[in-house]
Protein chains: 2
Amino acid sequence: MAGRASAQAALETRRSVVKAAADLASIEGLDSVTIGRLAEIVQMSKSGVIGQFRTKEALQLETVELVFADFRTRVWDTVKRFPQGLPRLLAACDAWTEYAADPGYPGGCLMTQVTYDYDGRDGAVHERLLEGRNQWRATLRADLATAVEAGDLPEDTDVESVVFGLESLASFITPARLLHGDMRAAERAHQGMRRIIGA
Amino acid sequence: MAGRASAQAALETRRSVVKAAADLASIEGLDSVTIGRLAEIVQMSKSGVIGQFRTKEALQLETVELVFADFRTRVWDTVKRFPQGLPRLLAACDAWTEYAADPGYPGGCLMTQVTYDYDGRDGAVHERLLEGRNQWRATLRADLATAVEAGDLPEDTDVESVVFGLESLASFITPARLLHGDMRAAERAHQGMRRIIGA
DNA sequence: AGATTAAGCGTACGATCGTACGTTATGCAA
DNA sequence: TTGCATAACGTACGATCGTACGCTTAATCT
């Protein structure tokens, strides 16, 4: 069935391609995702796939956007109603570890995968990734600062190091699960987070 | 200069290829390393490069072997003289974070890179990686168990979760440095490790 | 109804991928 | 000194890569 000019159907096509790209990327890395393999998965021609995005980098960027959207939905949306400070921080630890343990992608948490894939590269994906992660870091920092001000955390709390620790623990859930077969990775990460926060 | 049959010279060639592969892999991932690019770097023909290893997977495995050798030299060899238990564990934290911060590869710690690249894949590299990492984990577990027995750590220490925490923190040094530009990532990891251990 | 727009297809391109093969040149053993 | 093993070469192969182009077809708008 060639050539339905319905903008709505096209949008659905885009989404299915991006979803397939995310699935593949979670296993092999976003940079190893190939137009040809995507075309096979979504049962389209290569030109039909790339035609939606004009360039591969645009497809990668839209995939990253999906990752952020997922993270926002699964983590931020369940936490934003909590009062800023220690309560929201602890709620974030819950939602965050839960998300990393069951991210909805076959190869584990795509946020983690993309982070380690593009940390040492240049380009638009690297830049967008950094921007998105910084937004989350800012939230964590705000919660920590508020918690310290409120007296819920010790005065000498090293905010930057705590943020580092939380991100570390969340990021190791995927390899612990996939490589070492650790099915309790999420709860270990959660336990570590509490210890790092030191509440 | 084609065809020197000196086994010694050939060994040097192998090493230079593997070294180049490690350098490249630290940036783009081991799976993205290409015979052609390696040939360019070491100034050889593609067939000359692959001829040393017969297959690309063999080259990848030998590269992983180099990574383990480096880790052994830089971390294990500097801590193995310490008495098993808390002293060796703390020494390991020092050497480990130091290594991750300055691994000698342009794209950061290759051990980390390979871990996140192959955690969700099948194959010989995945298997070898798991084996190598498990060896290190066994050492950490032994130190923790001894430390608990000796009364240096609390009785209720969750050994497995502490191991998880230490590996997490070490693994996030590279992305913190490369992505977020955090030049103090190693000391943050070190600080976190002490907290996780809870000594 | 006719014109316009755009989704998706098919084909083709130049590059590069990993690997196989035969050749050449060298060092070492007989 | 002759013969053998092998390091490295050059070439070639089939696949696959990302992308460009033109065509067909269907939905939308005048």
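Convention: sequence-line order gives letters A, B, ...; per-chain numbering from 1.
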Residues within residues 33-55 of chain B bordering DNA chain D, heavy-atom distance below 4.0 Å
B:Met44, B:Ser45, B:Ser47, B:Gly48, B:Gln52

Quickly work out the [X] [atom1] to [N] [atom2] distance and round it to whole Å.
| X | N | atom1 | atom2 | answer |
| --- | --- | --- | --- | --- |
| B:Glu12 | C:dT26 | CD | C1' | 17 Å |
| A:Asp31 | C:dC17 | CG | P | 13 Å |
| A:Glu57 | D:dC17 | CD | P | 19 Å |
| A:Leu11 | D:dA27 | CG | P | 17 Å |

List for me each residue that meets side chain to side chain contact (heavy atoms under 4.5 Å, CB included) alongside [X], sequence neighbours excluded, and say none if there are none.
| X | result |
| --- | --- |
| A:Ala124 | A:Glu57, A:Leu61 |
| A:Thr157 | A:Val148, A:Leu153, A:Pro154, A:Val162 |
| B:Val42 | B:Ser16, B:Val17, B:Ala20, B:Met44, B:Val49 |
| B:Glu187 | B:Arg184 |

Side chain to side chain donor-acceptor pair (under 3.5 Å) filter on B:Arg194, not counting sequence neighbours, yields none

Any link between A:Val159 and A:Leu140 through a network of hydrophobic side chains (Ile, Leu, Val, Met, Phe, Trp, Tyr) touching at under 4.5 Å?
yes

